[in-house]
Amino acid sequence: MVPVIALVGRPNVGKSTLFNRLTKSRDAIVAEYAGLTRDRQYGEAKWQGRTYIVIDTGGISGDEEGIDAKMAEQSLQAIEEADAVLFLVDARAGMTAADQMIGEHLRKRNKRCFLVANKVDSVDPDIARAEFSPLGLGDALPIAAAHGRGISHMLEEALGIFPKDNAEDAEGADGADAVEGEEIVAEGQEPKRIPGPSEKDGIKIAIIGRPNVGKSTLVNRMLGEERVIVYDQAGTTRDSIYIPFERDDEKYTLIDTAGVRRRGKIFEAVEKFSVVKTLQAIQDANVVIFVMDAREGVVEHDLNLLGFVLETGRALVIALNKWDGMEPGEKDYVKTELERRLFFVDFADIHFISAKHGTGVGHLYKSVQAAFKSAITRWPTSRLTQILEDAVREHAPPMVASRRIKLRYAHLGGANPPLIVIHGNQVDSIPKSYTRYLENTYRRVLKLVGTPIRIEYKGGENPYEGKKNTLTDRQVNKKRRLMSHHKKAEKKRRDKKR
């Protein structure tokens, strides 16, 4: 089993900084701001041949109320899950009542715990050890997480008893990483699944939307546990939380993201970081579940977020949350608005759900799988060219300067999203309406759902256009002699006829 190490402590002692240092990433948001981390953040790390899991947690102060109490519950849950606990304290600030409370809790749980004194870059380590000795957790391990000092000694103490990774398992894992995942479908054949990221890592599903539309509630409902904090307050989630899980023998990774408000409404630097992490999560996902509040309907910012999803080319599923309790007239109005304002994403499945009560949540998986399959499926050139020829035969492209646009053949240029490259002449003059016609034709014939299609045109170029005459003087003289010889031969034939 891979050991699990939890980082706990009061707020702003450097847990997220240490998390990023151990995982060699920037997954956790770091700022001079107490209480920034709220949900449990998991990361994979490796040290001297040992792979382990690190859990970043929110701070515990002992006097939590409201949302801070939910944060403390997440931290206590991480302690229960961990094989070892790194209890971080601030060497500069010294021991506080919150440190004593956390230390007492750890002693009662009888966990394998290591006291870590952070921020010793400007403090004598011996003084830090003496300062925190009353906690009864042994000598403090001095580190400076921001600069990487003392990290190796700390890991040696925390991970020394755990065995190193099995060499055969590591080799097998490396081999699995080298296989690329894709779907290849030949005409008249069933889809053939090639093992790849979808089997190893699962389908990455990003849950996005405006603040307070029920994203975290939906994540907990899909997982069947209180994995992330849910609180009746906009902006509860600040970071993008990656949560792997399995359902019906299928692997998934849920990404709970922070709500995105309009740019003019964002004033705090922390919220700006949260928005950046959300946009990065969209690009990292395979499928995006876009959550909207059914009681508020479609607002302008929803359209902006959907536009960004389309630009990234991610597969899309739309969920109208808080559908329960609405009057029939209100539901009819919302459906009419969806048809009117979301016409540009008519390829996406729309589900009417209640994340709080679980109504309709289970149906999301079918749409997620269909959208993912459509996004990564590949087709041969002959199939795509045949569809193009049929489309042109049914509705030819317009005339340009009294000349007909000719589209010769099509092939697949990429997947996720599908990119279809069409070759022809005068392609720069093809109107957008005809491109939409081709997109809809390919989507209908190939039975694609939940994924945008991109069409790229390639024109026929003259290989000699723009090239200068590079004939040598010798070649020019030879050409002149041949022309003179032909003229003399032609003159002799004319004289014989006379």
Q | Pair E300, N304: side-chain N/O donor-acceptor within cut-off below 3.5 Å | A | no

Q) Tell me, do I420 and L438 make a side-chain contact under 4.5 Å, heavy atoms counted? A) no

Q) So, do F344 and L303 sit near enough that their side-chain heavy atoms are less than 4.5 Å apart? A) yes

Q: Give a yes or no on whether the ring-centroid distance for Y457 and H423 is below 6.0 angstrom.
A: no

(Q) Given 3.5 Å as the limit, does a donor-acceptor pair link the side chain of R436 with the main chain of Y434, or not? (A) no

Q | Heavy-atom donor-acceptor pair, R314 side chain to P452 backbone, under 3.5 Å | A | no

**Q.** Verdict with supporting geometry, E439 and I455, side-chain contact (heavy atoms from CB on, under 4.5 Å)
**A.** CA-CA 7 Å; E439 290 175 355; I455 290 183; 3.7 Å; yes

(Q) How long is the straight-line distance from CD1 of I53 back to CG of D83, given to the nearest 0.5 Å? (A) 10.5 Å

Q. If only atom types and distance count, is the side chain of R50 paired as donor or acceptor with the main-chain N or O of L159 below 3.5 Å?
A. yes

Q. Considering only heavy atoms from C-beta outward, does the side chain of F308 approach that of I282 to under 4.5 Å?
A. yes

Q. Should we say atom NZ of K366 is surrounded by more than 12 heavy atoms from elsewhere, each under 6.0 Å from it?
A. no

Q: Drop me the distance from E250's CD to I203's CD1, to the nearest 0.5 angstrom.
A: 6.0 Å

Q: Ignoring hydrogens and angles, tell me if any N or O in the side chain of R21 forms a donor-acceptor pair with the backbone of A146 under 3.5 Å.
A: yes

For residues 286-295, please give each side-chain donor-acceptor pair under 3.5 Å, one per line with the distance, not counting sequence neighbours.
residue : atom : partner : partner atom : Å
N286    : OD1  : K204    : N            : 2.9
D293    : OD1  : R295    : N            : 3.0
D293    : OD2  : K322    : NZ           : 3.3
R295    : NE   : K322    : O            : 3.4
R295    : NH2  : D324    : O            : 2.9

Q) Backbone N or O of F347 within a donor-acceptor pair of the R443 side chain at under 3.5 Å? A) no

(Q) Give me the atom names and distance for the closest heavy-atom approach of T377 to W379. (A) O-CZ3, 3.3 Å

Q: Please answer whether the main-chain N or O of P328 pairs with a side-chain N or O of Y333 as donor and acceptor at a distance below 3.5 Å.
A: no

Q. So, does N321 use its side chain to make a donor-acceptor pair with the main chain of A355 at under 3.5 Å?
A. yes

Q | H363 atom NE2, over 12 foreign heavy atoms within 6.0 Å | A | no

Q. Roughly how far apart are E389 CD and L384 CG, rounded to 0.5 Å?
A. 11.5 Å

Q: Using a strict cut-off of less than 4.0 Å between a Lys/Arg side-chain nitrogen and an Asp/Glu carboxylate oxygen, indicate whether K458 and E456 qualify as a salt bridge.
A: yes

Q. Any donor and acceptor pair, going by atom type alone, linking the side chain of S367 with main-chain N or O of L364 inside 3.5 Å?
A. no

Q) N118 side chain to A145 main-chain N or O, any donor-acceptor pair under 3.5 Å? A) yes

Q.
Using a strict threshold of under 4.0 Å (side-chain N to carboxylate O), is an ion pair present between E337 and R340?
A. yes

(Q) If we ignore hydrogens and angles and just use 3.5 Å, is the side chain of T451 paired with the main-chain N or O of A371 as donor and acceptor? (A) no

Q) Under 4.0 Å between a Lys/Arg side-chain N and an Asp/Glu carboxylate O for D390 and R393? A) yes

Q | Crowding at NE2, H147 (>12 non-hydrogen neighbours, <6.0 Å) | A | no

Q.
Before you tell me yes or no, could you show the steps for I208 and V309 under side-chain contact (heavy atoms from CB on, under 4.5 Å), namely the whole-Å CA-CA distance, both residues' side-chain angles and the distance that decides it to 0.1 Å?
A. CA-CA 10 Å; I208 71 166; V309 174; 3.7 Å; yes

Q | Check: Y252/Q369 side-chain N/O donor and acceptor closer than 3.5 Å | A | yes

